[in-house]
Every structure is written in C-alpha cells, then in structure tokens.
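Read the structure below first, then the notes.
Keep in mind that this is a model prediction, so the values were computed, not measured. Protein chains get the first letters and strands the later ones, always in sequence-line order, with residue 1 at the start of each.
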Number of protein chains: 2
Amino acid sequence: MTRRRQDSDVCGVTAAIAVVDGKWKTALLWLLESGPHRPAELRRRLPGLSEKVLTEALREMAADGLVHREVYDVLPPKTVYSLTAFGRELAEALAPLSDWGHRRLERLAEAARPAS
Amino acid sequence: MTRRRQDSDVCGVTAAIAVVDGKWKTALLWLLESGPHRPAELRRRLPGLSEKVLTEALREMAADGLVHREVYDVLPPKTVYSLTAFGRELAEALAPLSDWGHRRLERLAEAARPAS
DNA sequence: CTGTATCCGGCGCGATACTG
DNA sequence: CAGTATCGCGCCGGATACAG
C-alpha cells in the first residue's frame, strides 16, 4: 500500500487506510479474523514475511488498537495475537471493498482473455 | 498508503487498495465524486500536489478504469476528468471504511483529552 | 520460538525547469 | 493550462546476525 503515513487529515478513508498501511497488515488482519494466532504460525502462512517486519506490523496494529498481544512467560516463549473488537469492526468495514476488489479481479481476468 | 504494488494475489481488499494506492488517489476520488474537474481545479483543492504527481495519479486511475479523461483540442488546452461508473462503485464501497476511520479519529481525539 | 539491531536497495513523491 | 523530464531525499521493507 501506499506510503500513507500522513499529515493531519480529517478524511475517514485516509484514517482507516493509515492503519492497514504496509505490505502485510491486511493479510494479517484477514488471518487473525479466523482466530488467535502465534507469530510462527503467521509466518508460515505468509511466505516472504520476515520476523522483523512481522513484529513491526503487529506492534503497530497493537498500538492502533486492532490486535491484542498476549504474552505467556514460559519457556520456550509463547505469544498469541488476536483481533480486538475494534479490529473486527475494521475487518467488517473492509468487506464491501473486498467485494469491489474481486469484481476488479474478474475484469482483469476477462480482459486478459483474447476473445469471450 | 502502503507500497501496495502487488504481485499476483487473490485478495479482494488488496486488489482494491492497490488502485487507491499513492498519497493522493483517495482524495482525488473524493473530489471527483462531486463532479468532473479540470487539473488546475484539482491542484487548487489539494495544496502540495505537484503537476507531475497529479498527472501520474490520474493516468493510473484512468488505466485502472476509475476515471475518464476527456481532452478538448483547443487553445488553451482543456482536459476534464470524471469518475466512471466503476469508480463511483469504488467510492461507495469505501463508505463503511470511511465511517470506521471517523470512529478511529474520535478515539484519538478523546485519548488526547486528559480527563473526560 | 519470540524479538532486536543493523545495513542497504528500491521507489514513491516533491522540487524544479521546460515544451506545446 | 496541460503535460513531460530530471534529480534526489526519505523511508518502507528484505536480509542477516544475534539475544533471551
């Protein structure tokens, strides 16, 4: 996504996208929507996502109130991330956008097809 | 927004955000929603937006089928950009996200307030 | 396994100057 | 007024090594 790190703005869309800005956050939101996950699991699901970037993304999402970070003080270390109510609301607000995106993908697919 | 320039993905949200990726596209979408506009007018409304970046953004949005570019071959040059039906659908799909964003902004505002 | 610390390349975007 | 051409900075994100 875009480099949406913004200035002071009062646009709701901008304020919302700012929070899912970054290459992986939407995917993380989607994965966490199906239930709590541990970091290792998330990385397994998202090939190419490095530890550093994952941690950064989750920390920012936590700071934004989208996810909850539960730390168990045991050995080996165990941490579980889950969606907050606020995060779930965001996921729901994203649904219409998802529909539109799928329509766009269909368009692209049929545009790639030579003759219909 | 994020650097969402995507690889092959099947996520609708990603496909949608890819199209409004960039610092100004959501604002342009919003402005064009109220009717056709000429470049100079758009720049007047969006302080800080350079000619180059504006042209790039509009061209990309046109390529994505969001806006229509109407060129009048006169002097001085005249060009008018307007939203396509597809673009308007996107704007509508963005509405819930806008609502969520405003709720987030309210949160931030009251969090900044010392005592309630 | 979870998380931190650096280094560095790529590119989005802003500034500026110029053309038709 | 609409659009193009360069140049360069800032910062996100990938790679790697290391710590608890």
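Listed in residue order, the members of residues 39-47 of chain B having a heavy atom less than 4.0 Å from DNA chain D are B:P39, B:A40.
A:V20 is listed as a side-chain neighbour of A:L90, based on a closest heavy-atom distance under 4.5 Å. For the pair B:E60 and B:V19, the minimum side-chain heavy-atom distance is 4.5 Å or more. For the pair A:P39 and A:L54, the minimum side-chain heavy-atom distance is below 4.5 Å.
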Throw together a table of side-chain donor-acceptor distances under 3.5 angstrom for residues 68-79 of chain B, partners on residues two or more places apart or in other chains.
residue	atom	partner	partner atom	Å
B:H68	NE2	B:E70	OE1	2.8
B:R69	NE	B:Y81	OH	3.1

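In this structure, CG of A:L58 is placed 13 Å from P of D:dG13, rounded to the nearest angstrom. Atom pair B:E56:CD and D:dG3:P shows a separation of 13 Å (rounding to whole Å applied). When rounded to the nearest whole Å, the span between CD of A:E70 and P of C:dG3 equals 12 Å. In this structure, NZ of B:K78 is placed 13 Å from P of D:dG3, rounded to the nearest angstrom. Spacing between atom CG of A:L54 and atom P of C:dC1 amounts to 13 Å, rounded to whole angstrom units. Distance, B:R59 CZ to D:dA2 P: 12 Å, rounded to whole Å. B:E60 places its CD atom 13 Å from the P atom of D:dT4, with the value rounded to the nearest Å.
A donor-acceptor contact shorter than 3.5 Å is absent between the side chain of A:W100 and the backbone of B:L94. B:R104 contributes a side-chain N or O that, together with a main-chain N or O of A:A15, makes up a donor-acceptor pair within less than 3.5 Å.
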Subject >> Contact state string [nucleotides 14-20 of chain C, B base, S sugar-phosphate only, - no protein heavy atom under 4.0 Å] >> reply: BB----B
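Terminal axes of the helix from C:dC1-D:dG20 to C:dG20-D:dC1 (five pairs each, C1' rotation axis) are separated by 30°, to the nearest 10°.
In this structure, A:Y81 reaches the sugar-phosphate backbone alone: every heavy-atom distance under 4.0 Å involves primed, P, OP1 or OP2 atoms, never a base.
Legend: side-chain hydrogen bond (donor to acceptor under 3.5 Å, both in side chains) pairs involving residues 40-49 of chain B, not counting sequence neighbours, sorted by first then second residue: B:E41-B:R44, B:E41-B:R45, B:R43-B:E51. Residue pairs meeting the salt bridge (charged side-chain N to carboxylate O under 4.0 Å, His left out) criterion with at least one partner in residues 89-98 of chain A, sequence neighbours excluded, are A:E89-B:R103.
Between B:R38 and the phosphate of D:dA2, there is a side-chain N or O to OP1/OP2 separation shorter than 4.0 Å. Within the 4.0 Å cut-off from OP1 or OP2 of C:dG3, at least one side-chain nitrogen or oxygen of A:T79 is found.
With sequence neighbours excluded, the residues satisfying side-chain contact (heavy atoms from CB on, under 4.5 Å) with A:A27 are A:L46. Residues satisfying the side-chain contact (heavy atoms from CB on, under 4.5 Å) criterion with B:E33, sequence neighbours excluded, are B:W30, B:L83, B:A91.
Smallest separation of non-hydrogen atoms from A:T84 and A:G65: OG1-O, 2.7 Å.
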